[in-house]
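Throughout, protein chains are lettered first and strands after them, A, B, ... in sequence-line order, and every chain is numbered starting at 1. Please read all numbers here as calculations on a predicted model, not as lab measurements.
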Amino acid sequence: MTGSSNDPVRNILMFGAYSAIAAATARRLALDGARFFLVGRDRQRLESMADDLKVRGAADTHICTADLEDRAALKTVVDGAFAALETVDLALIAHGTLPDQALCEADPDRTFDALNANMLSQIELLTLIANRMEPQQRGAIAAISSVAGDRGRRSNYVYGTAKGALSIFLQGLTGRLAGAGVHVLTVKPGFVDTPMTAAMPKGALWATPDRVASDIVRALERRKFVVYTPWFWWIIMAVIRRIPAGIFHKMNL
Amino acid sequence: MALGQLNRTGWGRLDFGPQTVLPYDHRFEALPDLTGRAGLPSMLPFGNGRSYGDSCLNTGGALVDCRRLDRFVSFNGETGVMRCEAGVLFADILAIAVPRGWMLPAMPGTKFVTVGGAIANDVHGKNHHRAGTFGCHVRRFELLRSNGERLTCSPDANGELFRATIGGLGLTGLITWAEFQLRPVATPFLRQQVIRFRNLGEFFDLSAESDEEYEYTVAWIDCLSRGAALGRGWFMRANHLAEAPADPPRPPGRKPGIPFSPPVSLINGLSLRLFNFVYYRKQREDVSEGPVHYDPFFFPLDSIADWNRMYGPKGFYQYQCVLPTDGGRSGIADILDRIAGSGTGSFLAVLKMFGERQSPGLMSFPRPGVTLALDFPNRGGKTLALLDSLDEIVVAYGGAIYPAKDARMPPRLFASAYPRLDEFSRYMDPSFSSSFWRRVAGKGQGGTES
């Protein structure tokens, strides 16, 4: 990697490792011979991802299956990752789901599950990882939030709530870890063409996972705190945040 | 449009109706189950859509989208044996293999084809006279059939399915992964010679002289020239360089593209005459020579993203035929004369001698002889009439047309050019079909009724 070469990204810890954005990011970082600790639900998918990264240049891969919506598992996973990698140069939190808004409105249990899958488990992991990285005095944490967290919209406000809360948590964590030399990046993708969004019709605003991955890698090199990806979402969301509520409610977004 | 219905076309952008696209993201998954889906009688694997016509489409059935099937499985840097999922692009393989001293053994004119598509169409390249088709270098692959069977196919195991699947147009099942042999290269560079030839006779002389000593040969033809100059053009021949040149040519950077389709084709009589006139005079010398990076050498059109949009909203037809060595010379002359006479000539006319190396594929297109590839803007009946008249020449000389490029060949031409058709159809998957297949084989959905 280029940029601040005193912090080479060598040891990488990924949650939701085979999600499209994480996998695309891993492929880019593998070219430089990184070592990976990959966490996800399905062993076959983790194994095939590890094989893929090795062909692309990864020096070493560890895999770990875990249900990240299960609180009890998280500490063991994080401890295992730091034991395997020793130091972590980059931790990427990329797991999540796209909840069904209508079902969440009908059933508070579904809302709770959606918040757990997209916010609480991420916050718990970030807390555990931050406490391990702070004494390292180096490295970076990146988490996939979303433009959906920038303003509550009627069509997906449960998902938006989770991502909005995650963004605010990351904002605070960025400040806390800055003093320790640990960089925190909040990633806010727009529409990304992934299996998670397979059922949605695609248009000009849609980006590939590789495009998002390239923005993430560059934002890490430049030590940015927040990256909208692709960049034009910064403009779109700046406008959307400023639309007066009375008008916004009529806009059926 | 209903969910999953997309305006997907082949590379020629001809309209064959909306396509229902189902995802297939991982090699361990089962195929989509069509039994619960009324109105989807068949499926067809879809790679990166670089086939020109309808061989990659399945109007009224389903396309199984394999572009997320893009993981490498293994690569042995000592032996050059690579295994990857079927949706991996040649571009991705080259990016990984060339820096480690390996290159694909046979490559078509674009690197944006998938491995699965390369097998299904048994693609060939500028080195066909030496290396044969891509299928000649495939060691084994896994074929997933609609009954749930997963068969590892190689020349020795499930050999019939192996041979039916190479060049089998995706109709024998879905290739999940494939293993193939790369060829060693010392550098990413080649030394290329570009030689002017004044007529078709000179082309055949140059080919005969070059195919022994040069690994890669191909020619561009000015297909508007007639009479004594019929078939004039540029002959390109090259070999890999063992050492990088002192001042190495740079690999291509960020590429320009055609951002949208213009309302009418930019390829018309005037622009064609202009292009062919200028291109034939592109260099003063009759022979030029120099080092070249492999990317612009093998994939000149990849440097313009979405170049197919130049032909406007109606798209274009590509016509690629092969004529047997005996008589091929005069057959090609007849075809070029017919095209020049029609005035609707081709932007890109490519001529090459195929070699003797036989592919394992039952339905493989390349065979010893001379192959000509041209594209024509879609002007409806006028274009189709010209192509029909070219068919007559192909039939008269005992030639064949390349399904990957085709959108209109008649069933009788297909049957006469692919004599192992009946043998092949025994190995088809009963739930697989394509628009192309129904058109040329006269079969209904699912490949059973007629």
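Side chains of B:D54 and B:S435: a donor-acceptor N/O pair is absent below 3.5 angstrom, by distance only. For B:T9 and B:D15, the side-chain atoms include no donor-acceptor pair closer than 3.5 Å. Between the side chains of B:E149 and B:N147, at least one donor N or O sits under 3.5 Å from an acceptor N or O. When only modelled atom types and interatomic distance are considered, A:T208 and A:D210 share no side-chain donor-acceptor pair under 3.5 Å.
Ranked by heavy-atom pairs under 4.5 Å with chain A, the list B:D65, B:D25, B:V73 is led by B:V73.
Of the two parts of A:R45, the backbone and the side chain both hold a non-hydrogen atom closer than 4.5 Å to a non-hydrogen atom of chain B. In this structure, no portion of A:D42 lies under 4.5 Å from any heavy atom of chain B. Both the backbone and the side chain of B:R71 come within less than 4.5 Å of a heavy atom of chain A.
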